[in-house]
Amino acid sequence: MGNNITLIGLGAMGSVLGELMVKNNISLTVWNRSKEKAAGLIAQGAKYVPDVHTAVADSRVIILCVVDYKASNDILAGLDLTGKTIIQLSSGTPADAREMQTDILARGAEYLDGVILATPPQMGQPTTPIFFSGDEKIFREQEAVLKTLAGNLVYMGPAVGAAAAWDLAILSTMFGMQFGFLHGARIMEAEGIPVGALGDTIAALSPVLAEMVQEVGHDIEKSQFSQPLSSLEICAYCFELMQRHAAESTITAPFPAFALEQLNQGRAAGFGKERFAAMIKLMR
Ligand SMILES: NC(=O)c1ccc[n+]([C@@H]2O[C@H](COP(=O)([O-])OP(=O)(O)OC[C@H]3O[C@@H](n4cnc5c(N)ncnc54)[C@H](OP(=O)(O)O)[C@@H]3O)[C@@H](O)[C@H]2O)c1
């Protein structure tokens with residue numbers, strides 16, 4: 001068993017995790033529901049075993065990267081996990097993580113929860129982030145192995161659901177920007193400007209944009225809603241301009257319509273002269 005690691009799940013993400021471990025000379029046993037996905041890793045030196053019982057028996061440390069927690073629970077059902085260290089890298093909710101920790105501890109094993117905040121081709125870089133929460137002892141013990149997967153490992157504290165909460169909050173922020181970007185792309189197309197240039201410009205502006213998000217975060221935490229540098233009224237006006245531009249150029253504008261509807265609720269609630277962060281009061 002020694003320092004062997006077992007990796008369960010060889011989808012788009014799991015197979016890259018396996019490749020990184022093999023490249024870093026980690027002795028690896030892999031298992032996947034569909035055997036054919038193991039072919040590449042077998043060729044690179046990983047050991048494939050056809051049944052998950054043997055895969056789990058092969059190592060003390062088991063890393064899971066399958067579609068979700070339900071699949072993880074189904075895979076581990078009925079297996080002897082006594083003395084094992086289970087590291088979950090499938091995405092889920094904080095409650096998923098809490099339930100899985102309770103189950104794994106009751107079965108005589110240790111549990112660490114992690115979330116990958118990158119795509120498969122972004123893995124293995126010094127900046128690649130994976131957030132962890134739960135048992136800090138396991139995190140420290142396995143840090144060297146986990147560093148082969150991602151250089152930027154962040155421990156988010158002992159509450160096991162914390163990593164999943166961070167994941168969902170960051171995904172919400174990122175996809176909020178992506179939906180906004182799609183409308184930005186339609187504005188560029190309508191005006192005959194290359195969309196790729198918009199992405200490049202956003203990347204160059206990202207520290208400034210990030211400062212704005214930072215400010216909203218601190219405003220919310222301190223309940224600091226008055227004395228705006230740009231009032232909610234001015235924010236709403238931006239979306240009125242986008243709607244007018246959409247009408248002028250006959251493009252559809254679902255994202256500005258959604259944002260303006262929300263901001264109009266903020267105006268109606270009397271937050272027009274407050275900071276953008278005041279929108280949180282509606283959501284609460
Ligand atoms: N891809 C990304 O960009 C990315 C980024 C961050 C986090 N993640 C997370 O990483 C995890 C894996 O993602 P992925 O992109 O590798 O997904 P994927 O390519 O769709 O692979 C899904 C994996 O789950 C397995 N699976 C699904 N249902 C199963 C079941 N009932 N029993 C046994 N195995 C089952 C699949 O096995 P088969 O091969 O047999 O179908 C496969 O190994 C997800 O939780 C995802 O949210 C992915």
Side-chain angles (χ1 to χ4, degrees), residues 5-22 28-44 46-56 58-59 62-79 81 86-101 103-104 111-134 142 145-154 156 160-178:
I5 301 283
T6 288
L7 171 66
I8 294 177
L10 302 175
M13 182 57 82
S15 53
V16 170
L17 302 184
E19 280 165 26
L20 287 165
M21 285 192 270
V22 169
L28 187 68
T29 299
V30 295
W31 181 85
N32 193 59
R33 182 179 59 176
S34 324
K35 182 188 172 179
E36 63 274 11
K37 288 191 187 157
L41 275 164
I42 296 169
Q44 291 172 58
K47 173 180 168 190
Y48 177 83
V49 289
D51 71 291
V52 70
H53 184 276
T54 313
V56 166
D58 241 15
S59 315
I62 318 294
I63 299 179
L64 286 152
C65 187
V66 293
V67 64
D68 58 17
Y69 283 64
K70 182 174 182 318
S72 308
N73 292 333
D74 291 349
I75 290 166
L76 297 180
L79 300 178
L81 300 182
I86 309 293
I87 303 179
Q88 172 63 290
L89 292 181
S90 317
S91 308
T93 67
D96 285 337
R98 288 189 283 269
E99 279 164 27
M100 187 150 185
Q101 175 178 255
D103 175 58
I104 297 295
Y111 181 74
L112 179 68
D113 200 81
V115 294
I116 299 170
L117 292 107
T119 59
Q122 293 173 319
M123 298 308 295
Q125 303 301 313
T127 53
T128 310
I130 306 185
F131 289 180
F132 290 92
S133 55
Q142 300 305 323
V145 167
L146 297 168
K147 276 257 179 200
T148 65
L149 310 178
N152 182 16
L153 305 179
V154 190
M156 289 300 182
V160 73
W166 275 94
D167 185 37
L168 295 181
I170 290 170
L171 285 171
S172 173
T173 306
M174 187 270 290
F175 280 116
M177 184 181 74
Q178 296 284 39

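In each ligand, atom 1 is the first atom listed, and ligand 1 is the first ligand listed.
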Per atom 2 (C) of ligand 1, closest listed option by heavy atom (G14, G114, P121, P120): P120
Contact check, side chains of L149 and T128, non-hydrogen atoms, under 4.5 Å: no
Nearest option to atom 46 (C) of ligand 1, as decided by whichever heavy atom of S91, G92, S34 sits closest: S91
Distance from atom 34 (N) of ligand 1 to nearest protein heavy atom, with residue and atom: I75 CD1, 3.8 Å
Within-cut-off N or O pair, K37 and ligand 1, under 3.5 Å: yes
Nearest-neighbour protein heavy atom for atom 41 (O) of ligand 1, which is reported as residue plus atom name and distance: R33 NH2, 2.9 Å
Numbered atoms and elements of ligand 1 in range of C65, under 4.0 angstrom, heavy atoms: 10 (O), 11 (C), 12 (C)
For atom 43 (O) of ligand 1, the protein heavy atom that lies nearest, with its residue and separation: N32 OD1, 2.7 Å
Side-chain donor/acceptor of D113 to backbone N/O of S133, under 3.5 Å: no
Sidechain-backbone polar pair: S59 side chain, T6 backbone, donor-acceptor under 3.5 Å: yes
Q122 side-chain N/O to T119 backbone N/O, donor-acceptor pair under 3.5 Å: yes
Test item, A118 contacting ligand 1 (heavy atom, 4.0 angstrom): yes
Protein residue, atom and distance nearest to atom 17 (O) of ligand 1, heavy-atom basis: A12 N, 4.4 Å
K37: partners by salt bridge (charged side-chain N to carboxylate O under 4.0 Å, His left out), with sequence neighbours left out: none
Close side-chain approach of V115 to I130, heavy-atom, < 4.5 Å: no
The one among I116, V66, N73, D68 that brings a heavy atom closest to atom 44 (C) of ligand 1: V66
Contact partition for V67 relative to ligand 1, non-hydrogen atoms under 4.0 Å: both
Short N or O distance, S90 and ligand 1, threshold 3.5 Å exclusive: no
Nearest neighbour in protein (non-hydrogen) for atom 4 (C) of ligand 1: M13 CE, 3.5 Å
Contact check, D74 vs ligand 1, heavy-atom distance below 4.0 Å: no
Validation row: I104, L81 side chains within 4.5 angstrom (heavy atoms): yes
Within-cutoff protein neighbour (heavy atom, under 4.0 Å) for atom 20 (O) of ligand 1: no
Flag, side chain of W31 to backbone of P50, donor-acceptor distance under 3.5 Å: yes
Donor + acceptor pair across side chains of Q88, S90 (<3.5 Å): yes
Candidate pair Y69 and D74, rule side-chain hydrogen bond (donor to acceptor under 3.5 Å, both in side chains), full reasoning: CA-CA 8 Å; Y69 283 64; D74 291 349; over 6 Å; no
Contact atoms of ligand 1, heavy-atom distance to A71 under 4.0 Å: 28 (N), 29 (C), 30 (C), 31 (N)
Contacting atoms of ligand 1, where contact means under 4.0 angstrom from a heavy atom of L10: 43 (O)
Main-chain N/O of A169 paired to T173 side chain as donor or acceptor, under 3.5 Å: yes
